[in-house]
There are 2 protein chains.
Amino acid sequence: MQKPSQLQLLVYRRFLEQFVVFTDEQWEIFCNELQLKKIKKKEFLIEAGKVCNEVAFILRGAIRYYHVKDGEEITNYFSLENEMVSAYKSFLTQKPSAAYIEAIENTQAIIFNKSSLEKLLEDERINMKMERFGRVVAETVLCCYDDRVTAFIIQTPEERYVSLLESGSPILTRIPQHYIANYLGITPVSLSRIRRRVSKPNTGLRFAAS
Amino acid sequence: MQKPSQLQLLVYRRFLEQFVVFTDEQWEIFCNELQLKKIKKKEFLIEAGKVCNEVAFILRGAIRYYHVKDGEEITNYFSLENEMVSAYKSFLTQKPSAAYIEAIENTQAIIFNKSSLEKLLEDERINMKMERFGRVVAETVLCCYDDRVTAFIIQTPEERYVSLLESGSPILTRIPQHYIANYLGITPVSLSRIRRRVSKPNTGLRFAAS
DNA sequence: GCGGGACGTTAACAAAAGATAATAAAATAG
DNA sequence: CTATTTTATTATCTTTTGTTAACGTCCCGC
């Protein structure tokens, strides 16, 4: 397993500063634990049934989470550059992951291990910061999940699609549409119909109104 | 505002031990910050538009979270005895809550404030424990949200209802059905139909099979 | 006890979504 | 470059869900 380059580490450090700011000494301790991983398209970061022991930071590429139900893959989520990726629940509970995490583009990521986390939580030079780091990351992920649950409760599939559209997320241009359909909780055919409705608004109404 | 009784505090302490174990000294410091709140049925714990500054622990009663969309209330979640309640996202980000949190039974809760949390995070006798407490609670809530999102992605409404049924959750006996329908992401009418289908399985099939 | 509102079920109809299949375009591998 | 696979759209049909309204029951406040 490779070490990340100094430039890659700097990108990661800047990203992490939204959660916690390390001193130079702490950063060096932290960096010693990091690894660089290259994942080819269609390779797995995590497979269902195995315990997830890694949190990754994507330097380049794209990732999808999916479940398998009745032999069918159902895509749950995506992560792109400058995002953290993990089967968090498996990582936190140390129980087998229910989901697969797969690269859908050739991907480079910085990997931080569970065992490293536990080691640093025992290291008095950095343990306070790691506790806070864990807390703030968990809080951030929690807020994302909250939005997602709320969207399922109070929005129709069409409204969820329009929200995604208006958010300007690169997901819409980077990710195959049938994966996005799963992510919105609908079938690919249904998403195609919604796209038609949204792109040609009022076609039926104009006639009635004129 | 009242102080909780010794017995109520003991119940809370036992509950919190699944997250973090306080020394007696730390527990006393923590208890000094706690308040007892009595919320009558139909009163609010949090109102939408206001920042949530409290995390509550329900000693007795029942709570529902709901959003208002187009003048309609849409119920998102419930909490019963021995559970923690908060508009976590608002509490964590200090932005206005999008949801209302309302008592649907007369409720007693122990309240822990944001300002108390910040105070204790500065107190060297207890700050490490509070960091960990915050982290573990966030992780726990995150795992619940993960299950909920996954259920929306990979299960049909009927499957979600059956899961709830099989979980043996007291929600089904304590909470009005039209609230449960919202929680499952469907209308009350649709839930009523699902209940009929589930309670009379195979009515259509038996004929074809015999 | 009485009246009004909340709750759950059912029916009838409309709208939306799922399933399946056919087709065409785009991406990929060889 | 060509052959194959993947992807997106569209059509058809079925199933499910939403909408609205009616009805009966239960509960609560007065």
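Residue numbering restarts at 1 for every chain, and letters A, B, ... go by the order of the sequence lines. Note that this is a predicted model, so its numbers are computed, not measured.
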**Request:** Under the side chain to side chain contact (heavy atoms under 4.5 Å, CB included) rule, collect the residues that match up with B:Lys40, sequence neighbours excluded.
**Result:**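 Listed in chain order: B:Glu43, B:Asn106.
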
**Prompt:** Listed in order of residue number, which residues of residues 161-181 of chain A have a non-hydrogen atom at under 4.0 Å from DNA chain D?
**Reply:**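 Going residue by residue through residues 161-181 of chain A, the ones with a heavy atom under 4.0 Å of DNA chain D turn out to be A:Pro176, A:Gln177, A:His178.
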
Would you kindly give the [atom1]-to-[atom2] distance between [X] and [N], to the nearest whole Å?
X        : N      : atom1 : atom2 : value
A:Glu72  : C:dG18 : CD    : P     : 13 Å
B:Phe152 : C:dA17 : CZ    : P     : 16 Å
A:Asn182 : D:dT6  : CG    : P     : 16 Å
A:Glu105 : C:dA27 : CD    : C1'   : 13 Å
A:Arg195 : C:dA25 : CZ    : P     : 16 Å
A:Lys42  : C:dT28 : NZ    : C1'   : 9 Å

**Message:** Ring centres under 6.0 Å, that's the criterion: do B:Tyr100 and B:Tyr65 meet it?
**Reply:**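 No, they do not, as the ring centres are separated by 6.0 Å or more.
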
**Message:** Looking only at the aromatic ring of each residue, does the gap between the centers of B:Phe30 and B:Phe22 stay below 6.0 angstrom?
**Reply:**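 Yes: the rings meet the under 6.0 Å criterion.
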
**Request:** Please list all pairs passing the side chain to side chain donor-acceptor pair (under 3.5 Å) test where one or both residues lie in residues 181-193 of chain A, with sequence neighbours left out.
**Result:**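 Non-adjacent pairs meeting side chain to side chain donor-acceptor pair (under 3.5 Å): zero.
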
**Under the ring-ring contact (aromatic ring centres under 6.0 Å, His included) test, residues paired with A:Tyr161 that sit two or more places apart** =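 Listed in chain order: nothing, the list is empty.
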
**Message:** A:Tyr145: which residues meet the ring-ring contact (aromatic ring centres under 6.0 Å, His included) condition with it, sequence neighbours left out?
**Reply:**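 With neighbours one apart ignored, the set is empty.
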
**Terminal axis angle for the helix from C:dG1-D:dC30 to C:dG30-D:dC1, five pairs an end, nearest 10 degrees** =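 One end axis against the other gives 60°.
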
**Item:** Base-contact (B) and sugar-phosphate-only (S) positions in nucleotides 11-30 of chain D, heavy-atom cut-off under 4.0 Å, - elsewhere
**Value:** BB----BBBB----------

Could you give the side-chain donor-acceptor pairs of residues 46-62 of chain B under 3.5 Å, partners two or more places apart or in another chain?
residue : atom : partner : partner atom : Å
B:Asn53 : OD1  : B:Gln94 : NE2          : 3.3
B:Glu54 : OE1  : B:Lys37 : NZ           : 3.2
B:Glu54 : OE2  : B:Lys37 : NZ           : 3.3

**Prompt:** A:Thr75: what forms a side chain to side chain donor-acceptor pair (under 3.5 Å) with it, not counting sequence neighbours?
**Reply:**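 For A:Thr75, the residues satisfying side chain to side chain donor-acceptor pair (under 3.5 Å) (neighbours in sequence not counted) are A:Arg64.
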
Can you list everything that forms a salt bridge (Lys or Arg N to Asp or Glu O under 4.0 Å) with [X]? Sequence neighbours excluded, please.
X        : result
A:Lys89  : B:Asp147
B:Lys119 : B:Glu33
B:Glu159 : A:Lys69

